[in-house]
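Atom set for the values below is all heavy atoms of this structure, side chains included, hydrogens, waters and symmetry mates excluded. Numbers restart at 1 for each chain; the letters A, B, ... are given by sequence-line order, proteins then strands.
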Protein chains: 2
Amino acid sequence: MNLEEVAKRAGVSTATVSRVLNNIDVVRNATRVKVLRAVQELNYHPNLHARTLAGGKSRTLGMIVSNMENPFFFDVFRTLEADARLQGYDVFLANTDYRPEQLTRSIRLMIGRRVAGLAVVVSEMDADLIQELTNSKIPTVFYDVGTATRNISNIRVNYRRGIEQVVEYLHSLGHRKLAFIGHHSALGPTSEREQAFLDTVSRYAPGAEWRTAADQDGLEGGRSAARELLATGFRPTAIICVNDFVAAGVLRELRQHGLRVPQDVSVTGFDNIKLSEFCCPPLTTLHIPRDRIGHLMFQFLAPETHTGKPPGKEIMIDPELILRESTGPAASE
Amino acid sequence: MNLEEVAKRAGVSTATVSRVLNNIDVVRNATRVKVLRAVQELNYHPNLHARTLAGGKSRTLGMIVSNMENPFFFDVFRTLEADARLQGYDVFLANTDYRPEQLTRSIRLMIGRRVAGLAVVVSEMDADLIQELTNSKIPTVFYDVGTATRNISNIRVNYRRGIEQVVEYLHSLGHRKLAFIGHHSALGPTSEREQAFLDTVSRYAPGAEWRTAADQDGLEGGRSAARELLATGFRPTAIICVNDFVAAGVLRELRQHGLRVPQDVSVTGFDNIKLSEFCCPPLTTLHIPRDRIGHLMFQFLAPETHTGKPPGKEIMIDPELILRESTGPAASE
DNA sequence: TTGAAAGCGCTACCAG
DNA sequence: CTGGTAGCGCTTTCAA
């Protein structure tokens with residue numbers, strides 16, 4: 001089933017069918033009607049590959065995330081996709097599950113599809129891959145990794161500042177035994193997040209004891225990490241979690257151990273995903289505006305469709321401390 | 001950047017480059033090396049559209065879901081994608097947000113991309129669309145909607161049986177004032193789920209009072225619906241939720257109202273998503289094996305890659321009652 | 001083992 | 001307003 005068959009059936013040329021399908025309004029109305037009828041009758045669906053190939057342009061954006069299961073990523077995707085759709089773009093989603101080989105594969109796939117723009121929201125990026133993307137000339141926006149170049153923009157969150165706010169706050173509440181729970185890819189040697197925690201503790205809470213632990217991202221990961229942490233015998237009065245998703249798992253494990261939050265131990269998250277308000281108790285966390293990030297990404301990737309001025313090449317977002325019920329004064333010994 | 005440039009640089013024909021890139025091992029090794037070097041140096045990425053167009057085949061599956069935010073859908077996707085990748089397929093994901101026009105758009109898009117197979121995991125399907133898919137000849141598998149035909153398979157969950165188990169169980173615990181909380185698309189006039197609830201109540205719990213409410217799918221939706229329900233003054237001793245995601249929101253609202261679960265009111269979910277174990281209290285729910293569903297979908301869509309016999313055209317899955325702490329005996333008046 | 005060339009289905013330009 | 005046709009970049013015979 002192709003243009004030619006439709007053309008034949010409608011008694012016109014393929015060029016005309018193409019015009020009708022692309023809403024080019026030089027076509028006489030009677031002709032248009034004939035064509036549309038033929039399309040209907042034949043249940044014709046234009047081959048998008050042929051279209052893209054012939055047209056040269058793509059009208060498709062790509063987005064790569066580490067873990068769609070974490071609502072944080074979904075929220076960004078949702079906004080990006082909504083903006084995109086409004087301008088007639090589609091968005092391809094790829095999920096890497098924190099696996100580097102999957103990341104490589106996905107990036108190659110996106111380049112192969114000649115996406116009009118690519119949003120990469122993953123924890124870690126290999127330098128070679130960044131180079132590959134740079135060479136590809138595809139407008140790209142990274143979240144929290146890489147550096148801006150000709151075709152690459154950057155959105156980052158001032159994670160360090162967020163951690164500082166939390167450590168300061170907990171310190172002011174009297175907490176002196178702290179723990180940080182991350183997930184494996186956020187707790188590598190190079191991790192900004194773990195480093196931010198360590199630096200901040202030694203600066204704002206010099207006398208404090210601390211411990212770190214990590215497992216996977218997610219509920220189960222948070223739970224395991226908490227279990228592991230408690231198994232060491234260390235009894236923190238406050239646990240700082242790399243994100244809300246992990247924190248929700250931590251809360252569960254603490255409950256299991258009969259530890260009350262916040263009376264026995266305070267817990268904080270990061271991101272302010274919807275789930276954080278639904279935890280029990282609701283999480284003290286740091287808000288990161290996912291919708292703003294999604295909008296910015298679209299602007300970076302499709303600047304021509306946007307009226308305002310381009311936002312520049314690099315944007316830093318400050319998280320905002322949200323106090324809820326999972327934190328309180330340190331229990332006196 | 002295209003095959004020809006690579007061919008020129010490597011001093012061979014485009015046909016040879018194509019052979020190398022497709023791992024057709026008639027190519028002499030020296031030649032292969034030359035080609036691969038050229039590919040490297042030029043940072044060449046084959047145009048996937050051209051490839052699909054020329055090759056005729058697609059090696060890509062599509063999946064359409066109503067709400068990727070609900071972990072249920074993500075779990076199915078994860079399994080399907082893993083199976084697919086193992087066999088060299090990619091999976092396109094589309095999210096409809098429960099919007100019919102989005103569904104239509106996504107289906108057309110998938111047909112236009114000539115996907116090798118399509119999994120449709122949405123709540124409601126218009127008959128015309130089903131027809132369109134049937135005509136398209138694309139191997140398709142529906143979840144919980146439609147009927148099997150030549151190219152369409154079907155996986156359904158015996159939702160009714162699940163609801164029966166829950167209602168019976170609650171009835172046996174002495175509950176006589178029941179409520180059902182759905183989400184809009186699950187509570188339409190045609191909804192199997194609401195209907196299952198109503199039928200079952202009148203059959204297993206004839207004297208029981210009942211009420212239904214609904215909002216969006218998700219945490220916030222569950223919460224609103226619960227708020228609305230309580231605002232009517234009705235005080236159910238048990239609330240049956242359309243799924244776990246909604247139930248988690250319901251729990252939150254009950255807590256807000258000072259209602260203890262399960263002492264004051266029992267709550268049940270459906271799906272047994274990971275989150276259900278992390279709620280407070282953990283949810284009594286009905287298990288639906290998402291991994292099995294994902295595997296089955298892949299088998300339906302790419303039977304040739306699978307060794308075992310094809311599973312037939314239609315499969316019914318029975319949910320399994322999982323008892324946790326969110327249910328208990330009805331409070332005496 | 002390699003090359004030449006005919007499409008795949010569509011768009012876009014040039015005529016008419 | 002409509003038709004003819006040259007590609008888009010790749011795969012796949014058919015020959016060599």
Side-chain angles (χ1 to χ4, degrees), chain A residues 1-36 38-39 42-60 88 108-116 136-138, chain B residues 1-36 38-39 42-60 88 108-116 136-138:
Chain A
M1 175 61 44
N2 58 18
L3 257 202
E4 199 174 334
E5 292 185 53
V6 178
K8 204 166 296 172
R9 173 137 195 159
V12 300
S13 72
T14 60
T16 297
V17 178
S18 175
R19 289 189 190 102
V20 171
L21 263 33
N22 290 286
N23 285 311
I24 300 181
D25 27 87
V26 295
V27 187
R28 196 162 30 122
N29 213 291
T31 313
R32 169 184 309 279
V33 171
K34 274 194 303 186
V35 171
L36 290 178
V39 166
L42 294 175
N43 188 241
Y44 168 72
H45 294 266
N47 183 317
L48 263 26
H49 302 293
R51 240 224 250 280
T52 308
L53 186 58
K57 48 199 167 190
S58 161
R59 223 57 191 167
T60 293
R108 301 246 165 94
L109 215 71
M110 293 295 184
I111 298 180
R113 289 195 205 295
R114 302 292 188 267
V115 292
S136 80
K137 309 263 197 276
I138 295 180
Chain B
M1 174 61 43
N2 58 17
L3 257 203
E4 198 175 335
E5 293 184 51
V6 177
K8 204 166 297 172
R9 174 139 195 157
V12 300
S13 74
T14 60
T16 297
V17 178
S18 174
R19 291 191 187 99
V20 172
L21 262 32
N22 289 287
N23 286 312
I24 300 181
D25 28 86
V26 294
V27 186
R28 196 165 25 124
N29 213 291
T31 314
R32 171 186 307 280
V33 172
K34 274 194 302 186
V35 171
L36 290 178
V39 166
L42 294 175
N43 188 240
Y44 169 72
H45 295 264
N47 183 317
L48 263 26
H49 301 292
R51 199 173 251 195
T52 307
L53 185 58
K57 50 202 166 188
S58 162
R59 222 60 190 162
T60 292
R108 302 246 164 94
L109 214 70
M110 293 296 184
I111 299 179
R113 290 195 204 294
R114 302 294 188 265
V115 291
S136 80
K137 309 261 197 276
I138 295 179

Exercise for the section: Answer with base, sugar-phosphate or nothing: what part of the nucleic acid does A:V12 contact at a heavy-atom distance below 4.0 Å? Expected result: sugar-phosphate
Problem - Side-chain donor/acceptor of A:H49 to backbone N/O of B:L48, under 3.5 Å - result: no
N/O to N/O distances under 3.5 Å, protein versus nucleotides 12-15 of chain C:
| residue | atom | partner | partner atom | Å |
| --- | --- | --- | --- | --- |
| C:dA12 | OP1 | A:K57 | NZ | 3.0 |
| C:dC13 | N4 | A:R19 | NH2 | 3.4 |

Handout entry: Approximate separation, where rounding is to 0.5 Å, of B:K8 NZ and B:L42 CG
Key = 11.0 Å
Handout entry: Working for side-chain contact (heavy atoms from CB on, under 4.5 Å), residues A:H45 and B:I138
Key = CA-CA 12 Å; A:H45 294 266; B:I138 295 179; over 6 Å; no
Exercise for the section: Calculate the interatomic distance between B:L53 atom CG and C:dT11 atom C1'; express it in whole Å. Expected result: 12 Å
Problem - Distance in Å, B:T60 OG1 paired with B:R114 CZ, rounded so as to fall on 0.5 Å steps - result: 13.0 Å
Handout entry: Heavy-atom side-chain contact between A:V17 and A:R9 under 4.5 Å
Key = no
Exercise for the section: Measure the shortest side-chain to side-chain distance between B:R32 and B:T16 over non-hydrogen atoms and say whether it is less than 4.5 angstrom. Expected result: no
Exercise for the section: Ignoring hydrogens and angles, tell me if any N or O in the side chain of B:N2 forms a donor-acceptor pair with the backbone of B:E5 under 3.5 Å. Expected result: yes
Practice task
Grab the CG-C1' distance between A:L3 and C:dC8 for me, whole Å please.
Solution key: 12 Å
Completion exercise
Its 5'-most and 3'-most nucleotides having an atom under 4.0 Å from a non-hydrogen atom of chain B, DNA chain D is contacted over D:dG9 to D:dT13
Practice task
For B:V27, report the nucleic acid contact type (base, sugar-phosphate, nothing); a contact means any heavy atom under 4.0 Å.
Solution key: sugar-phosphate
Practice task
Hey, which sits more toward the 5' end of DNA chain C by its nearest nucleotide, B:A30 or A:R51?
Solution key: B:A30
Problem - Side-chain donor/acceptor of A:N22 to backbone N/O of A:I24, under 3.5 Å - result: no
Exercise for the section: Output the residues of residues 42-50 of chain B in contact with DNA chain C, where contact means a heavy atom of the residue under 4.0 Å from an atom of the strand; sort by number or write none. Expected result: none
Practice task
Compare all side-chain heavy atoms of B:V12 with those of B:V35 and state whether any distance is below 4.5 angstrom.
Solution key: yes
Exercise for the section: Nearest-nucleotide wise, let me know which of B:R114 and B:D25 is further upstream toward the 5' end of DNA chain C. Expected result: B:D25
Fill in the blank from the handout: Value for CG (B:L3) from OH (B:Y44), rounded to nearest 0.5 Å, stands at 4.0 Å
Exercise for the section: State the CE-CG distance between B:M1 and B:N47, to the nearest 0.5 angstrom. Expected result: 12.5 Å
Exercise for the section: May I ask you to say what A:T52 touches in the nucleic acid, namely base, sugar-phosphate or nothing, with a heavy-atom cut-off under 4.0 Å? Expected result: nothing
